[in-house]
Amino acid sequence: MAEGVAYWWRGRLHSEREAPPLAIPLKLVKVEAVEWLCPRCGVRAEWGPEPRCPRCGARCEPRTLVEEVPELVDAIEALERAFNRACKARVRGAVLLEPFSPLLPLFTWKLLDLELPDGSQLVGVYAGKPRFLKRGFHNGSTTTFELPGNLAVIVWSGGVVECLVFEVEEPQKLVELLSG
Ligand SMILES: [Zn+2]
């Protein structure tokens, strides 16, 4: 991966050379954008119905330019790409935890606070087999439920908490890199 790829980490883009170990590789896509420039002093105006120069007040003129912006990927895809940079990793499943899930995690995750490119928040990580308590609805019975995999990642997104599960070669290494 060289040209046309940037590495996303904590809201910032890096080149491959300076990217932290778990920075997320994102393709750069070309998009057309319009900017408004003052014909007198060349100052860029804020977008508005009739953009005016913030310096001299002249009416600004539109100019089309091509910008490169990182592609949009969801949390599970972003994490799979990031983990694969450090060791072999693949997605094994995802379950909803809050607010409407009958599943209760039977593991304690390490707290984290890491923003992902789609705006969701990585709030926890656990190295081990993710097991859950499945609460009965009518008769009050409980059973357990487990997902294949050895690394669980807890992601918060718009009021919903999800547990994403991966099978990775080196779960402890990834926990350390995520916490660093
Ligand atoms: Zn001006």
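First listed ligand is number 1; within each ligand, the first listed atom is number 1.
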If you group Ile, Leu, Val, Met, Phe, Trp and Tyr whenever their side-chain heavy atoms sit less than 4.5 Å apart, what else falls in with Leu104? Leu106, Leu133
Contacts of Glu67 meeting side chain to side chain donor-acceptor pair (under 3.5 Å) (sequence neighbours excluded), chain-then-number -> none
Glu167 and Arg90: CA distance, side-chain angles, deciding distance, salt bridge (charged side-chain N to carboxylate O under 4.0 Å, His left out) verdict: CA-CA 5 Å; Glu167 178 79 44; Arg90 64 186 176 124; over 6 Å; no
Report the residue from Leu122, Val125, Val155, Leu22 that forms a side chain to side chain contact (heavy atoms under 4.5 Å, CB included) with Leu114. Leu122
Would you mind listing every salt bridge (Lys or Arg N to Asp or Glu O under 4.0 Å) that reaches into residues 69-82, with sequence neighbours excluded? Glu71-Arg81, Glu77-Arg81
Ignoring water, what protein N, O or S atoms are under 2.8 Å from the Zn ion (ligand 1)? Cys38 SG, Cys41 SG, Cys53 SG, Cys56 SG
Quick one, Val153 with Phe166, criterion side-chain contact (heavy atoms from CB on, under 4.5 Å). Give me CA distance, side-chain angles, the key distance, then yes/no. CA-CA 8 Å; Val153 176; Phe166 297 84; 4.1 Å; yes
